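Below is one structure, written out as structure tokens; comments come after it.
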Amino acid sequence: MSVVPAIKNAAAAAVQALYQQAFTAADIAVNTTKPEFEGEYTIVVFPFTKFSRQSAEATGQTLGQYLLENHPELIAGFNVVKGFLNLQIHHQYWTQYLHTAFANKTPGQKPANGRKVMIEYSSPNTNKPLHLGHLRNNFLGYSVAEIYKANGFEVIKANLVNDRGIHICKSMLAWQLFAHGDTPESTGIKGDHLVGDYYVKFETILREQAEPIISRVLEGDFHDFEDAEKERVQKLFAALQKPEVHNDKEKSAKITDEIKELSRNKTEIMQQAKIMLQQWEAGNPEVRALWQTMNGWVYEGFDATYKRLGIDFDKMYYESNTYLLGKDLVEEGLRKGVLFRKEDNSVWIDLTADGLDEKLLLRGDGTSVYMTQDLGTARLKYDDYQMEQSIYVVADEQNYHFKVLKLILEKLGEPCAEGIYHLSYGMVELPHGRMKSREGTVVDADDMVDEMVNTAATHTEELGKVKGFSDEELRELHNTIGLGAMKFFLLKVDPKKKMIFNPEESIDLHGFTGPFIQYSHARIRSIMREFSEEELADLESYTYAGELLPMEKELIMLCEQFDGILEDAQKEMSPSVIANYAFLLAQTFNSFYAKKEQGKYIYSVRDAETADRKKLRLQIASLTANTIRQGMKLLGINVPERM
RNA sequence: GGACCGGUAGCUCAGCUGGAUAGAGCAGCUGCCUUCUAAGCAGCAGGUCAUUGGUUCGAAUCCAAUCCGGUUCACCA
């Protein structure tokens with residue numbers, strides 16, 4: 001058991017014995033001791049004064065004395081400042097821990113706990129390449145999966161590919177109309193980018209064709225529309241003329257947007273895309289063949305990107321296989337009376353009692369919507385794996401969708417409902433706001449990686465510390481650093497917060513960054529390289545017996561916290577917990593490394609004052625390096641031996 | 001308008017299950033390479049923790065109200 005839980009247990013038992021009060025370990029606050037006081041961990045004693053009928057000071061004394069007498073192996077001394085009981089942990093606890101842990105290559109790894117979770121992430125559309133937003137999603141999903149594994153869970157990494165629908169048809173149609181048979185091979189363009197280019201082409205044509213229609217509507221000419229749509233457009237136009245709307249920028253923009261949307265739907269190219277979608281759904285062989293071909297190009301592109309990013313999956317789901325699911329669930333829901341049918345034959349669920357709205361599940365013509373597919377897919381996943389938790393890594397703009405998804409599954413009595421969890425993360429924004437594909441401000445994932453790797457290469461070159469590296473080793477190093485910088489940048493922030501990325505400023509390589517931590521690791525490894533295999537093997541049986549110097553103790557203490565950090569990261573589903581920790585650990589080692597008194601490096605390993613001290617510091621170096629490496633690995637980041 | 005999320009140093013963020021004098025990084029300014037890697041270390045400067053009120057021995061943290069920003073409330077996905 002780690003120290004902090006040990007202290008909490010001991011304190012809970014002490015409170016029980018001293019005051020006959022049932023305090024659980026979880027109710028006891030234990031912090032690290034402020035540097036100006038003596039001790040390592042501090043118990044806050046104020047909560048006990050209610051029944052100790054003593055001052056906080058006296059209560060602290062009593063509790064401290066009790067702990068000292070009953071846990072001499074753990075507590076070596078204490079002092080009380082106001083209501084804070086500062087505990088000195090027995091130095092043998094630290095050296096023992098160091099002895100057992102320093103050579104462990106996977107610190108914090110817990111044995112299998114028999115629990116199974118699925119994590120769905122990435123989930124790209126096959127009509128365009130990945131962008132910066134996907135990178136946050138991918139890194140987050142991958143890292144959370146690794147963190148779960150480290151905590152003993154069995155994890156299924158799943159990717160639900162959105163490989164069908166109107167947006168795919170847009171790329172397909174534009175390719176058919178304008179590509180003259182171009183392929184990734186003929187153009188040398190990566191498949192996903194090639195397909196994405198035709199998506200952009202489609203949008204350009206669409207805009208051109210929509211322009212005159214929009215102008216006509218705004219001039220009061222509605223001849224492009226018929227029946228209900230005409231009525232709708234007329235209504236919107238009329239609303240726009242009202243002075244209270246005219247003067248409200250937000251409202252008029254909203255109405256104008258709706259007019260634009262209706263107009264876009266009326267364009268010839270959009271009509272063609274819709275026909276293509278119908279043909280796809282009807283299984284038209286030509287359309288299906290084109291779809292297969294173009295998706296194939298995209299998958300080749302995605303695979304290359306995933307491989308480069310170090311992202312992988314255990315299970316792929318394709319929407320073309322799942323988009324019809326969910327209808328059974330709707331039928332069952334109707335029978336159970338959970339759902340109801342309206343006059344136009346559409347099927348709904350009434351969530352007004354839960355403070356939400358009515359939600360459509362089947363259109364009047366019997367076709368399904370996004371929600372229906374997700375209901376069916378949730379059941380499919382559960383049938384496949386019976387996992388206790390199903391995590392969806394999806395941006396926070398879909399918070400409402402997932403709230404509703406879970407609620408409907410609960411109402412339908414589906415066993416998968418309880419485990420549904422939306423890991424909602426904030427969007428990556430540019431300094432001027434969201435990325436918009438229509439405005440061409442989307443930051444492409446492949447470009448981004450290239451740029452970071454180049455930056456890393458340039459910087460490595462400038463520092464000139466890589467003599468003797470082969471070209472292959474250099475390439476690998478640049479990748480490790482560039483990707484490390486990018487991953488760390490996107491993972492160091494709490495997932496639920498949105499984050500700003502400024503493409504003008506490249507991601508830093510100094511300070512609170514991946515490369516800083518990678519550098520610290522390389523530096524430790526460089527220290528260890530000075531020693532022979534025998535010297536290192538010798539450490540296995542060695543336990544340091546003396547007192548520890550402050551920073552020696554500090555490093556051991558920090559590493560000892562890694563177990564708890566991993567648990568926190570898993571509970572909060574937040575890689576940022578580990579990122580912050582890894583930075584603190586690296587920073588602390590750097591201080592240890594550079595600490596100078598009277599012109600001498602007082603924590604030098606090579607020039608340690610005794611042979612014992614040298615072994616101790618080597619063990620500390622090894623422990624720190626292993627902990628940093630493992631922490632970074634859980635973020636999906638490699639650490640180099642040299643840089 | 002309803003629901004949800006956010007507001008901490010010039011900038012980007014930790015801290016938020018209440019605990020000691022609110023911390024990092026970047027940017028700015030000082031020092032430190034005859035040193036086990038200076039992608040580093042040490043230091044200076046920078047704060048009405050959005051505002052107001054409440055609960056408490058104690059509030060950046062909990063509650064309420066207000067202000068500001070965002071997302072969402074599609075027969076799109």
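Hydrogens, waters and symmetry mates play no part in the numbers below; they use all other heavy atoms, side chains included. Because the structure is predicted, anything quoted here is derived from the model rather than measured. So that the names make sense, note that chain A is the first sequence line, chain B the second, and so on, each numbered from 1.
By the 30° and 60° cut-offs, the orientation of the rings of A:Phe402 relative to A:Tyr392 is tilted. Under the 30°/60° scheme for interplanar angles, the aromatic rings of A:Phe489 and A:Phe501 are found to stand perpendicular.
Looking at heavy-atom distances under 4.0 Å, A:Ser424 makes no contact with the nucleic acid at all. Nucleic acid contact class of A:Glu258 (heavy atoms, under 4.0 Å, all strands): none. Nucleic acid contact class of A:Asp27 (heavy atoms, under 4.0 Å, all strands): none. Looking at heavy-atom distances under 4.0 Å, A:Lys403 makes contact with sugar-phosphate atoms alone, never a base.
Side-chain proximity of A:Asp357 to B:G6, B:C73, B:A42: nearest is B:C73. If you check B:A14, B:G40, B:C36 against the side chain of A:Tyr593, the one that comes closest is B:C36. Nearest to the side-chain atoms of A:Lys596 among the listed nucleotides B:C32, B:U72, B:A20 stands B:C32. Between B:U72, B:G19, B:C13, one nucleotide has an atom nearer to the side chain of A:Asn31 than all others, and that is B:G19. Out of B:G7, B:C57, B:C4, the shortest distance to the side chain of A:Asn399 is found at B:C4. Nearest to the side chain of A:Thr33, among B:G6, B:G40, B:A20, sits B:A20.
Of the options A:Leu555, A:Ile628, A:Leu558, a side-chain contact (heavy atoms from CB on, under 4.5 Å) to A:Phe589 is made by A:Leu555 and by none of the others.
Atom CZ of A:Phe402 and atom P of B:U71 are 19 Å apart (whole Å). Residue A:Asp494 contributes atom CG, which lies 9 Å from atom P of B:G6 at whole-angstrom precision. We find that CG of A:Asn502 is positioned 17 Å from P of B:C26, with the value rounded to whole Å. Between the C1' atom of B:A74 and the CG atom of A:Asn265 lies a distance of 12 Å, rounded to the nearest Å. Rounded to an integer number of Å, the gap from OH of A:Tyr519 to C1' of B:C36 is 11 Å. If you measure from atom CG of A:Asn590 to atom P of B:G25, you get 12 Å, rounded to the nearest angstrom. Residue A:Phe489 contributes atom CZ, which lies 14 Å from atom P of B:C26 at whole-angstrom precision. Atom CD of A:Glu261 is separated from atom P of B:A74 by 15 Å (rounded to the nearest Å).
Looking only at atom types and distance, the side chain of A:Ser320 has a donor-acceptor partner in the side chain of A:Asp163 under 3.5 Å away. A:Asn638 and A:Thr480 are not linked by any side-chain donor-acceptor pair at a separation below 3.5 angstrom, with hydrogens and angles left out of the test.
To the nearest 0.5 Å, the span separating CG on A:Leu407 from CD1 on A:Ile349 amounts to 6.5 Å.
Note on residues 571-582 of chain A: pairs passing side chain to side chain donor-acceptor pair (under 3.5 Å), not counting sequence neighbours, are A:Ser574-A:Ser576.
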### Query
Between A:Glu261 and A:Arg264, is a salt bridge (charged side-chain N to carboxylate O under 4.0 Å, His left out) present by the stated rule, with each step listed?
CA-CA 5 Å; A:Glu261 199 54 46; A:Arg264 282 196 195 98; 3.1 Å; yes
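Using Watson-Crick or G-U wobble geometry with both donor-acceptor distances under 3.5 Å, B:U34 finds no partner in any strand shown. For B:G23, the paired base is B:C13 (Watson-Crick or G-U wobble, both distances below 3.5 Å). Under the Watson-Crick or G-U wobble criterion, with both distances below 3.5 Å, B:G6 is paired with B:C68. Summarising the base pairing, B:G46 is matched to no nucleotide, lacking a Watson-Crick or G-U wobble pair whose two defining distances lie under 3.5 Å.
In this structure, the side chain of A:Ser591 engages the main chain of A:Gln587 through a donor-acceptor pair within 3.5 Å.
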Review item, nucleotides 21-24 of chain B N/O atoms under 3.5 Å of protein N/O:
{"from": "B:U21", "atom 1": "O4", "to": "A:Glu36", "atom 2": "OE2", "distance (Å)": "3.3"}
{"from": "B:A24", "atom 1": "O3'", "to": "A:Gln587", "atom 2": "NE2", "distance (Å)": "3.4"}

Polar pairs (N or O, both sides) under 3.5 Å between protein and nucleotides 75-77 of chain B?
{"from": "B:C75", "atom 1": "N4", "to": "A:Asp344", "atom 2": "OD2", "distance (Å)": "2.3"}
{"from": "B:C76", "atom 1": "OP2", "to": "A:Arg363", "atom 2": "NE", "distance (Å)": "3.3"}
{"from": "B:C76", "atom 1": "OP2", "to": "A:Arg363", "atom 2": "NH2", "distance (Å)": "2.7"}
{"from": "B:A77", "atom 1": "OP2", "to": "A:Tyr370", "atom 2": "N", "distance (Å)": "3.3"}
{"from": "B:A77", "atom 1": "O3'", "to": "A:Glu319", "atom 2": "OE2", "distance (Å)": "3.3"}
{"from": "B:A77", "atom 1": "O2'", "to": "A:Asn162", "atom 2": "ND2", "distance (Å)": "2.8"}

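Contact annotation: A:Arg523 side-chain N/O to B:A38 OP1/OP2 distance is under 4.0 Å.
Taking the charged nitrogens against the carboxylate oxygens, A:Asp365 and A:Arg363 have no contact shorter than 4.0 Å, which rules out a salt bridge. Under a 4.0 Å N-O distance rule, the pair A:Glu397/A:Lys498 does not qualify as a salt bridge.
Both geometric conditions, a ring-centre gap below 5.5 Å and a plane tilt below 30°, are not fulfilled together for A:Phe516 over the base of B:G40.
At a cut-off of 3.5 angstrom, counting only N and O atoms as typed in the model, there is no donor on one side facing an acceptor on the other between the side-chain of A:Ser591 and the base of B:A42.
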